[in-house]
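Just below is one structure, and these are the notes that go with it.
Counting starts at 1 for both ligands and their atoms, following the listed order.
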Amino acid sequence: MKRFRPVPYELKVLRVLNSRMILSEKERLDYINAEKGFEGELKFDQLTKKLQGEVFIINNLLLKVGNTYFQIDTTIIFQTALIIFEVKNFEGDHFLESRKFFKFPKREIKNPFNQLDRNTSLMRQLLQQLGFQIQVESWVTFVNPEFSLFQAPLDLPVILPSQLNRFMKNMDMQPSKLNSVHKRLAEKLISLHHEKSPYTQLPVYDYEQLKKIITCPRCFSFMVLLGRNKCICPKCSYIEKIDSVVLRSVDDYRLLFPERKITTQGIYVWCGEVVSEKIIRRVLKTYFKEIGFGRWVYFE
Ligand SMILES: [Zn+2]
């Protein structure tokens, strides 16, 4: 059982907003960090994908114990243990000093080991509540080859970039047989996943202020029409069929404004009036259910 890693809700929203408005300096940094973090997780997925043994790999879980949410980048279920990985894509020289985490020369960063301790303890609580008895192990995993860590105690639960391949090999050499209890555990965890945390801080935005354009799925710049049935990104030259362009734009619209009705006119404006109303109506009619009639038609 392997589950692909979806783009996290926060990053999805930030991508759309970054293309359609000017973010503040702090918001822009949050966006860059979210993008970088996700890239690191995908890199780690490339390694876990190669595991040959009987394991369940669950990517990105947002779980809740009591009123506390916790997010786990990668969870691997083995015969004898459930292992959680906090994946970091940090770059540069870092060091630890009295339970604090710094980047050279001396900029304090949120300590990923504290985060790991917290997540591990919450995961144990959750498993206990659910009645599963399995050992929990946890690791902070640094995936960027440009990362180094100084003054790390020997017993620190860390996997450094230079250890990653060996760690995976060792893990793969341990015999693992999974049974129906493991399967039930994996299914239970997936079923408890939340799409978004109510504590996620997103930039404030409103419809009027956002740019009405078609955005490129590759580089998030704007796209223009190419012939009758395609769009092209002038920045990265990516070419996309018109149906897919319209459907992505509808997705972005729904993501940002879930309460707004989808109408031909609304999507036409949202797409910067680049694609004709006729095409938009055809796409909406093809992929969505038409509700109402005349000028009150909308799509679901
Ligand atoms: Zn592009």
Could you check whether the rings of F257 and Y207 sit parallel, tilted or perpendicular, using 30° and 60° as the cut-offs?
perpendicular

Under the rule for side chain to side chain donor-acceptor pair (under 3.5 Å), what residues qualify as partners of K106, not counting sequence neighbours?
E97

Can you establish whether the number of heavy atoms outside K212 located under 6.0 Å from its atom NZ is more than 12?
yes

Find out whether the Lys NZ or Arg CZ of K88 is both under 6.0 angstrom from the six-membered ring centre of F142 and within 45° of the ring's axis.
no

Hydrogens and angles aside, do E86 and Q115 bring a side-chain donor and acceptor to less than 3.5 Å of each other?
yes

Close to the Zn ion (ligand 1), meaning under 2.8 Å, how many protein N, O or S atoms are there?
4

Regarding R184 and E187, does a basic nitrogen lie under 4.0 Å from an acidic carboxylate oxygen?
no

